[in-house]
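All remarks here apply to the structure that follows.
Each chain gets a letter, A, B and so on, in the order the sequences are listed, and its residues count up from 1.
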Number of protein chains: 2
Amino acid sequence: MFNHGGGLHLNIQKEFGLRIQQLRKATGKSQEKFALSIDMDRTYLASIEAGKRNPALQNIKKIADGLEISLSDLFRDL
Amino acid sequence: MFNHGGGLHLNIQKEFGLRIQQLRKATGKSQEKFALSIDMDRTYLASIEAGKRNPALQNIKKIADGLEISLSDLFRDL
DNA sequence: TTGTGACTTGTAGTCCGTG
DNA sequence: GCACGGACTACAAGTCACA
């Protein structure tokens, strides 16, 4: 009866997507501007935020760098 | 002149590999036993530990679960 | 017990659009 | 600005034989 770490029963992709969306919005950037700033395709970023993709470590790192936070902080509360 | 834990110039794959190797060894399990426990191929785990792979979120999560730590803790100091 | 190269299959990731 | 889709290409996933 515990809920391992994070929000509800959303899967890890959805949780991750919501997390980066929240952090991106806090920067005031659009998906397109943010994606551009980290050299990532805009539609790919959108699908990650939607929880539809399973991004690999290098891209996760890229996002963390773009958000200017550590990987550990990126995964906080997940 | 010491490097405080994480940064270095190893790439993220190598850092991640070393990190999970360290944590796995702390559990006292062999690659084979640990891989088995998380339903992952032993040679695939070995190549991740060696920093030769770029694992995706689902597999990263699988490893964190197997180590019984949060993703945030898994990435601590990385 | 672990490392590695080679391989096939599935999907990560890119690029072009649309409402 | 965003969600969504089609059609691709690059590479992760997963497995094996052997060192």
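Between A/Lys61 atom NZ and B/Asn54 atom CG the span is 12.5 Å, to the nearest 0.5 Å.
Contact check, A/Gln58 against C/dA12: no side-chain N or O comes under 4.0 Å of OP1 or OP2. Side-chain N/O atoms of A/Lys52 include one lying less than 4.0 angstrom from OP1 or OP2 on D/dC4. Within the structure, a side-chain polar atom (N or O) of B/Asn59 is placed less than 4.0 Å from OP1 or OP2 of D/dA13. At the phosphate of D/dC2, OP1 or OP2 sits under 4.0 Å from a side-chain N or O atom of A/Arg24.
Note on A/Thr43: a base of the nucleic acid sits closer than 4.0 angstrom, heavy atoms only.
Separating the CG atom of B/Asp41 from the C1' atom of C/dG3 is a distance of 13 Å, rounded to the nearest angstrom. Between the CD atom of A/Glu49 and the P atom of D/dC2 there is a distance of 8 Å, rounded to whole Å. In this structure, CG of B/Asn54 is placed 7 Å from P of C/dG13, rounded to the nearest angstrom.
Shown here is B/Gln58, whose CD atom has more than 12 heavy atoms of other residues, nucleotides or ligands within 6.0 Å.
Stem regions annotated for DNA chain C: C:2-19 with D:2-19, counting only runs of 3 or more consecutive pairs of Watson-Crick or G-U type with both contacts under 3.5 Å.
Both B/Leu57 and B/Arg42 lie close to DNA chain D; mapped to their nearest nucleotides by heavy-atom distance, the more 5′-ward contact belongs to B/Leu57. A residue-by-residue look at B/Arg53 and B/Ala56 shows that B/Arg53 has its nearest nucleotide of DNA chain C further toward the 5' end.
At a threshold of 4.5 Å between non-hydrogen side-chain atoms, the residues B/Phe16 and A/Leu71 do not count as touching. Annotation: side chain of B/Phe75 is not in contact with side chain of A/Leu74 (no heavy-atom distance under 4.5 Å).
The residues A/Arg76 and A/Asp73 are annotated as salt-bridged, a charged nitrogen and a carboxylate oxygen being separated by less than 4.0 angstrom.
Connection of B/Leu45 to B/Leu36 is not established within any shared hydrophobic cluster, with ILVMFWY side chains joined at heavy-atom distances below 4.5 Å, either directly or through further cluster members.
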